[in-house]
Each structure stands twice: as C-alpha cells, then as structure tokens.
Amino acid sequence: MSNGPVVIRYLVLFGIAFVPGVEIAMAARRGRTESLGGRGGRSGRTRPSSIPWRLAGRLLPASAGVVLTIACAGNPRPESGEPRTLALGECMLPELSEGARCGELEVFEDRAAGAGRRIPLRVGVLPALGPAPQPDPIFVLVGGPGQSAVDNAAGYARLLAPLRDERALVFIDQRGTGGSNPIPCDLYSGQPSGTLGDFFPLDAVRRCRDLLVRDADLRLYSSALAAADLDDVRAALGYERINIEAASYGTRVALLYLRAHSDRVRAAVLRSVSPPWVKQPLHFAEDAQAAFDSLAAACGADPACRGAFPDFQGEFASVLARLDDGGVDIERPAIDGAPPRAFRLTRGAFAEKVRLMLYAPELSSFLPLLVHLAASGDFGPFTELAEEIGQQIARVGSNGMYLSVTCAEDVARITPEEAANPWAGTFLGDWRVRQQREACALWPLADLPGDFADPVRSDAPVLLISSTIDPITPPRWADQVAEGLTNARHVRVANAAHSPSSACVMAIVSEFLLAASHEGLDLHCLAEIRRPPFQVELPD
C-alpha cells in the first residue's frame, strides 16, 4: 500500500454537519501495531503504534454554526436605527496569498431587546478578480455548527474558483464562532480517553457553561439570529441581492434566510441539506446503519475486499459483542509531550467513531481492515485513526455554539417517546441521543420562533445536492425541502462524501450559480464518481 497521503473529501463536525469539500490529508506513517494481550486475547489490551495515520492540514470549506434562538418566541427583528455601512480594510486570510477585505459589524446580542451587550460579526470578502464584477456576491455558509467561515475562506476560494471572475465571495463568522464573540468549550482534555470516551463529558459541559455565561447569553446564538445577522451584513455592504453557497449545517441558516428574505436571494446552492424540522441526532442511528450497510455491500461486491474480509459484517458484530462485554482496555503511548494514557473503549464511543468514518469514502475504505484487526484483538489502528478524527473535529469548531444550537433547535424538540426508541438493529443504538440529551439538560435553552419547524417556501432558484450514502443528511431531507420550493432541483450524487465537493460537483455548482438556473445543467460527470479502492493492508 502506498505511503502517500489519502485525501479526505469530507469530515464531520460533531454530527449535525460537517464541512463541504473538506480536504484534509491523512498521511500514512511507518510503524507497527502491537497487541499486548496477543491476537484474540481476552485482555483486549492493545497498544497502538505511532503508525498508520495522521490527519494533517485543516478543514477548508466550513459551514457556520448557530446557537439558541432568542429567549422570546417569534422571529428576530432587524437592527433598529439608521442604515449602517460596513467599512472594510485590507487584510490577509489564513492560507491565502491574495489580499482580502475585512471588517466588523456590531449587532445586539439580544436582537429582540435592541439593547444591552453588542457583539462583533467578523466579515471577510474576497473581491471578484475580473474587470466587470457582478453586483450580487456569493455568501458562503459553512458547517458545524461551530466553524469559522472566515478561517476557511482559502478552501472555498479554490472550490468556487470558476465564479471568482464575476463575483466576490463573502464570509461571515456566525455569532459564537471565529472572531464573532466565540463560545468555545474544552470538553476532552480532562478525561484519559480524550475524544474516545463520552461525546459530552458532563463535568466538562458544566465547567464550560459556567465560564461562558460570563461573556455570553448562551440562549442568543441561534440559526434564526444568524440569518438575521446575515441580512444586516448584506445591507451594510450595500448588496441588494446575494447568492448563497451552503453546506451541511449551513443549509439550515440558508433555509431560514430564504424564509425571511427570499426576495434578496438571486440563487442558492444547498449541499447535504439539514432542514430546521429535522431533530438531530434522533436519526443518526438509522442513517448511519444505512450507510454502513451500503459500505458492506460495496465490500462484498469488490473482489479484493471480499477476498480479504469475507465475513466483514460478522467480524463487526463480534467486535460490538466484545465491547458490550465490558469494553476493551486501550493504552496510548506518550505523544507530542503528552503522557501515556490508559482507558477503556466502550461500544458507544467505538460506534460513534465508525459513524464519523462513514462521512468520507476515503476514510470508510479502511473500515473493513480496521474491523478485521479489531476482531482479532488488535484495536490499535482503529483507535489511533479514531483519535486523530476526534482531535481534528475538536480543534476546528466551537463546542459551546454546537451545544447552544443543537440543544434548543434539535434535542429540546425530541419527545420522550422518540427518545425511548433504542434503535434496535443499528450499531449506534440510542447512545448519541442519550449523550446529547444529558448534556443539553445542563445547557441554557431558548424558545424557538413559532414557525421554526415549518416548511420553507420560496420561488428563488435553488439547487439541492445530496450524497446517496450520506450517514447524516440523507437525500430524503432534501426531498422534503424541495416540496416548499417552486424553483428547485435535487441532484443525487452516488458514492460521494457528506457535502459533496468533487471537481464534478463543484463544476455543476458553478454552472448553476452563473446562470441562476438549473435548466440544462450538465450532469454527465456524476456517472463517473466511484468509491475509492478498499484498503486491505496497513501502510508500510
């Protein structure tokens, strides 16, 4: 197997959505994994080597996150007073050699009250490169919730390069992220298992809440407020109409903006649609299981994978059974100055990382191999890759904002009857639902606007794009959204990552945004998209 980098087209942030077209390099490193308990030994104590992978680089395109809706019902109102302008100055953005224009627009944290604390919204603009720029720029809405749009401008500059001649790209750090009064949380440094333990360690959630409330009202960082902030920025920059390119969680903000300001939207692209009425993580288990079943079928149809792992699903079931039987002891060596650690890997933490690997075919192509090794007693390669994924996710987003958004907009709407569903027959079960409900019981909640979960209706041109193997935003969500849009087209992409962003997909996106029409789109390249080859051995 090659020792070169494996490109990850997508990784996910916490579960509601990941970035579109994230290009993270997973560099394979030389080494060997040793099992302290022996292959198949009952101790299950494994020591991962420093080998097979490191996720290097950074998430490129992102989708901004939200938080709770304001503490009173109803839609947030626009800022009062005279129209404001947003003065932009020259700046340099991360990983970009070209100059940009940056500035800040202050808004009330409590938009309904129109008084009290004011918070900055950090804005970055990449001007159009051609001699005759169009007056309607492209506003980029990134995923999460919790990522900085401005910090991910470089990735989008590449993804949307064909549009740069005519249109500027506008990036807004959503309130609670990046440079817009961020509300981050360190959830994992206090537990020996790091990111391979509880997804929401409750003591860490309490500590984070108590620290953040000194500088932020955690009820006031919602998707609805983000949509209202977006329109303030549009007006302050002097744009009559805008285009929207949104992915994953960013599609939720885009839909709320369409509901309130459809007349301001020339065209919108929504990749991997996360509608406001879907209650994440309620459907994680069934959608992840469907993605896993698709992976297993693809392995069975591939001669190399089938030959190397003829009982992939049986081995996966045996690993789950072993984890159910008290878990597996893991020892991690000292890395980068951190001391060695020992902890117990549970089924829930294992299943959650499997779910995350399913976001990107480049990652899931390793799963049959990793499961095979774990079934024979060697959990080292799996835990090393899983921890790299967890650490990357923890670094790129604002966990406080993630909690503010999901607790109010998703978890609080899950009924007791829905929460009692064990999701029998799925590898994830109700683990994420239980973890998130326990954490959200500690987090300040806000009332949602009365129409939050209503269908979104608009006649603006909209292009919806879904991956048919997406474990978190399946095509049926985009189908539901399309029912309220009179000028929409839904494109399904086979064998693609969450928030599809291949060259083929982005060429379609560019064609649509240039014309503001989905008529006559050239979709021929979609038939050429294939899963990457399955990996049948560890890197040398």
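The one candidate from Leu141, Leu256, Val170 that meets the side chain to side chain contact (heavy atoms under 4.5 Å, CB included) condition with Leu230 is Leu141.
In this structure His261 satisfies the ring pair (Phe, Tyr, Trp, His ring centres under 6.0 Å) test together with Tyr257, sequence neighbours excluded. Remark: Phe427 engages Phe292, Phe316 in a ring pair (Phe, Tyr, Trp, His ring centres under 6.0 Å) (not counting sequence neighbours).
The existence of a salt bridge linking Asp198 and Arg434 is excluded, since no basic side-chain nitrogen approaches an acidic carboxylate oxygen closer than 4.0 Å. One finds no salt bridge joining Arg241 and Asp136 here, because no Lys/Arg side-chain nitrogen approaches an Asp/Glu carboxylate oxygen to under 4.0 Å. Note on Asp470 versus Arg492: no salt bridge recorded, every NZ/NE/NH1/NH2 to OD/OE distance being 4.0 Å or above. Residues Asp311 and Arg306 are not paired through a salt bridge, judged by the lack of any N-O separation under 4.0 Å between the basic side chain and the carboxylate. A salt bridge links Arg164 with Glu98: the closest approach of a Lys/Arg side-chain nitrogen to an acidic carboxylate oxygen falls below 4.0 angstrom.
Side chains of Gln480 and Trp277: a donor on one and an acceptor on the other come within 3.5 Å. Checking Gln392 against Arg395 by side-chain atom types alone, a donor-acceptor pair falls below 3.5 Å. When only modelled atom types and interatomic distance are considered, Asn495 and Arg530 share no side-chain donor-acceptor pair under 3.5 Å. A donor and an acceptor atom, one from each side chain of Thr473 and His498, are located under 3.5 Å apart.
A donor-acceptor distance shorter than 3.5 angstrom exists from the side chain of Arg413 to the backbone of Glu409, with no hydrogens or angles considered.
The aromatic rings of Phe379 and Phe350 sit perpendicular to each other, their planes meeting at more than 60°, with 30° as the lower class boundary.
Ser262 contributes atom OG, which lies 12.5 Å from atom CZ of Arg457 (distance to the nearest 0.5 angstrom).
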Start with the C-alpha gap between Ser294 and Arg531, add the side-chain angles, then the distance that decides, and say whether side chain to side chain donor-acceptor pair (under 3.5 Å) holds. CA-CA 11 Å; Ser294 175; Arg531 283 184 181 267; 3.0 Å; yes

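Judged by a 6.0 Å distance limit and a 45° cone about the ring axis, Arg234 is not positioned over the six-membered ring of Phe139.
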Hey, can you pull the donor-acceptor pairs under 3.5 Å for the side chains in residues 122-129, sequence neighbours left out?
{"from": "Arg122", "atom 1": "NE", "to": "Asp173", "atom 2": "OD2", "distance (Å)": "2.7"}
{"from": "Arg122", "atom 1": "NH2", "to": "Ser148", "atom 2": "OG", "distance (Å)": "3.3"}
{"from": "Arg122", "atom 1": "NH2", "to": "Asp151", "atom 2": "OD1", "distance (Å)": "3.0"}
{"from": "Arg122", "atom 1": "NH2", "to": "Asp173", "atom 2": "OD2", "distance (Å)": "2.7"}

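Of all heavy-atom pairs between Ser499 and Arg271, the closest is O-NH1, 3.5 Å.
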